[in-house]
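Just below is one structure, and these are the notes that go with it.
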Amino acid sequence: MENKFNIYNSLTRKKEAFNPIIEGRIGMYVCGPTVYSDVHLGNCRTFVSFDVIYRYLLHLGYTVRYVRNITDVGHLEGDADSGAEDKISKKARLEQLEPMEVVQHYTNGFHKMMQIFNALPPSIEPRATGHIIEQIEMVQEIIDNGFAYEKNGSVYFDTIKFAKSNDAYGKLSGRVIDDLLVETRDLKNQAEKNHPSDFAIWIKADPSHLMRWNSPWSVGFPGWHLECSVMSTKYLGKTFDIHGGGNDLKFPHHENEIAQNFGACKCAPANYWTHTNMLLMNGKKMSKSDGNSITPEELFTGNSEHISKGYSPMVIRFFMLQSHYRSTLDLTDAALLAGEKGYRRLMEANDVLMKLENATGSTDTEFDKEINSLINQAFEHMSDDFNTPMALARLFELVPKINGLKDGHLSLTDISADTLKRLKETFKVFIYDIFGLKDESLAATNGNGTMDGLMNLIIDIRQSARANKDWGTSDKIRDTLNELKILLKDGKDGTSWVKE
RNA sequence: GGACGUGUACUCAAGUGGCUAAGAGGAUGGAUUGCAAAUCCUUUAUUCGGGAGUUCGAAUCUCUCCACGUCCUCCA
């Protein structure tokens, strides 16, 4: 019973209680990147969002098979019939590389970025080019079921026929099928298709096209959308639990994916569809052509006109957690600055908490009950459609209580040993396991203790100076360390330090 | 033009019918401090884009107007 949670389903536009197909197990498919260029910051938000969802499902005790694909063929620029080119094929031609070199290069970069953001790797990361045979098989199944037709070596999905046989088409994205039917006159540049809304599932390769495979219809390559239908079916079954992706994939990608799966197996691919919302910058979509854009690297280094300084990957991850995955998130310098301070406050409170000992109170005190209540609420928020901002808010309400226990404003006699232990466990689980944050402070990353030893010596010398009212020396130590971005914190029980 | 969505304090951002509208940052006053920083305690939206309606009751539902965003071509 403890693993129950609610999830917003894009198909029904409602929050629903989650019911797995197989008790205790979850199959989740998330549309991964098309690896033809460096990973976009917006991609990072989507994958961080699904990383938190994945982590929370694991926390709830589910056995999760998390499949996130790499699209390395078939993703066209523009329309197939107007001479458009496969994105990867084009990049390979322009840079005089093998298409697989392009794919490898950007896949490596993508993996590196996911590591930087501390996103867990998926259980399976299948590539479209590794599943050409399966894709050809699915095209054949769709043809056999009468939902696709071949023209000049290319195969198109018959959206009109599908829409008439089934009410599934357009349901996810809110497209009205009647509107599709009305636009039948507009057939320019679409000579091969019966209808403009039809889409290619197998494309005959022109002679210059670099990526090509044999098929019953032509030497060619699979259409975009198809790889996700095929690989989700192969690794998760014809119908699985959760399908995710960015909001902008709803149409046409996901709509067509659903159509293909129905066309092949006459069943719906996923029970729950979840979509993450867009990352904006200064209120607008990030767009390279408008200059309203920033790369992850620029964000880390601060080398951009849009920000005043660099922000670490964990600060950015924390910043993302402060909004809900279904809301747009506006990236601004002020918001990042605020996020950086919030992240540090949380991590420092966590350090303080882990050092608290000797709670001697009973579980009957108001204070003890309040702590437990906040902890419970934090988990309840996560179970209500993965509401990370709400859960974080509850953690932040606990922060002054933790600091108060350390400073002596609050008493360890008012909290029970069990509750203190639970509080520690809660922070640990939320920060590291669920939110996937890492401690970036120097104290945490400096494992050999040299830094600690030096700092203890310096703090000791300054303490002596202060005892002798030698403010000149003590302030010089403090100010010089400040210039090195090391902050000293004078507390009741001594001085601690933190590196900015 | 069509589809979907958003508009909450100085900024970011929760909340989708009912106690005093979360949280972070900022600002403010106080405690603490040798002075600071950090920390703790206050204060900071009688109000949720404008207007009308439904309801005992709405930021939350309906209508309308305004503004913005995303998609409809490639995008997470």
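Throughout, a chain's letter reflects where its sequence line sits, starting with A, and its residues are numbered from 1.
Between D333(A) and Y311(A), the side chains place a donor N or O and an acceptor N or O closer than 3.5 Å (distance only, hydrogens not considered). For the 3.5 Å distance criterion, the side chains of T276(A) and S49(A) fail to qualify, holding no donor opposite an acceptor.
Heavy atoms only, all atoms of each residue included: S173(A) and E255(A) are closest at OG-OE1, 2.5 Å.
With a 6.0 Å cutoff to the six-membered ring centre and a 45° limit on the axis angle, R68(A) counts as a cation-pi contact of F47(A). Cation-pi contact between K112(A) and F110(A): absent, since separation from the ring centre below 6.0 Å together with deviation from the ring axis within 45° is not met.
Among the protein residues, G42(A) comes within range of the nucleic acid bases, having at least one heavy atom under 4.0 Å from a base atom. Among the heavy atoms of the strands, none lies under 4.0 Å from S49(A). S173(A) comes within contact range of the sugar-phosphate backbone alone, with a heavy-atom separation under 4.0 Å but no base atom that close. Within 4.0 Å (heavy atoms only), K406(A) reaches no atom of the nucleic acid at all. Heavy atoms of G339(A) sit nowhere under 4.0 angstrom from any nucleic acid atom. Within 4.0 Å (heavy atoms only), A393(A) reaches at least one base atom of the nucleic acid. At a threshold of 4.0 angstrom between heavy atoms, the contacts of R13(A) are confined to the sugar-phosphate backbone, with no base atom among them.
Counting to the nearest Å, the P atom of G2(B) and the NZ atom of K250(A) are 19 Å from each other. Look at NE2 on H275(A): it is 12 Å from C1' on C71(B), rounded to the nearest Å. The distance from atom CZ of F386(A) to atom P of G15(B) is 14 Å, rounded to the nearest whole Å. L331(A) places its CG atom 21 Å from the P atom of A24(B), with the value rounded to the nearest Å. Between the CZ atom of R317(A) and the C1' atom of A24(B) there is a distance of 18 Å, given to the nearest Å. In this structure, M320(A) atom CE and C12(B) atom P are separated by 17 Å, rounded to whole Å. One can place CG of L249(A) at 14 Å from C1' of U73(B), the figure rounded to the nearest angstrom. Between the P atom of G7(B) and the CG atom of L280(A) lies a distance of 13 Å, rounded to the nearest Å.
Looking at the side chain of A334(A), the nearest of the listed nucleotides U11(B), C12(B), A76(B) is U11(B). Side-chain atoms of N43(A) lie closest to A76(B) of the nucleotides A76(B), G34(B), A14(B). Residue W471(A) places its side chain closer to G34(B) than to any other of A24(B), A13(B), G34(B). With A22(B), C71(B), G34(B) as the choices, the nucleotide that has an atom nearest any side-chain atom of R394(A) turns out to be A22(B). Looking at the side chain of S474(A), the nearest of the listed nucleotides G34(B), A14(B), A76(B) is G34(B). For D330(A), taking side-chain heavy atoms from C-beta onward, the closest of the listed nucleotides A76(B), A13(B), G34(B) is A13(B).
Using a 5.5 Å limit on the distance between ring centres and a 30° limit on the angle between planes, the aromatic ring of F396(A) does not count as stacked on the six-membered base ring of A24(B).
Taking 4.0 angstrom as the limit, N387(A) places a side-chain polar atom (N or O) nearer than this to OP1 or OP2 of G15(B). For the pair K341(A) and G26(B), the criterion of a side-chain N or O lying under 4.0 Å from OP1 or OP2 is met.
To the nearest 0.5 Å, the span separating CD1 on I203(A) from CH2 on W224(A) amounts to 12.0 Å.
Toward the 5' end of RNA chain B, the nearer of the two residues Q322(A) and R478(A), judged by each one's closest nucleotide, is Q322(A). Along RNA chain B, the nucleotide nearest to G246(A) and the one nearest to Y8(A) differ in position, and the one closer to the 5' end is contacted by Y8(A).
Below the 3.5 angstrom threshold, one finds no donor paired with an acceptor across the side chain of T328(A) and the base of G5(B).
Across every strand in view, A67(B) sits in a pair with U6(B) that passes the Watson-Crick or G-U test at under 3.5 angstrom.
Counting non-hydrogen atoms of other residues, nucleotides and ligands closer than 6.0 Å to NZ of K355(A) gives a total of 12 or fewer.
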- [ ] Apply side-chain hydrogen bond (donor to acceptor under 3.5 Å, both in side chains) to S229(A) and E257(A), showing your working.
- [x] CA-CA 6 Å; S229(A) 289; E257(A) 216 182 306; 4.8 Å; no
- [ ] Quick one, give me the B/S/- string for nucleotides 37-43 of chain B, reading 5' to 3', where B means a protein heavy atom under 4.0 Å from the base and S means that only happens at the primed atoms, P, OP1 or OP2.
- [x] BSSSS--
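Judged by distance alone, with hydrogens and angles left aside, the side-chain atoms of D51(A) form a donor-acceptor pair with the main-chain N or O of L120(A) at under 3.5 Å.
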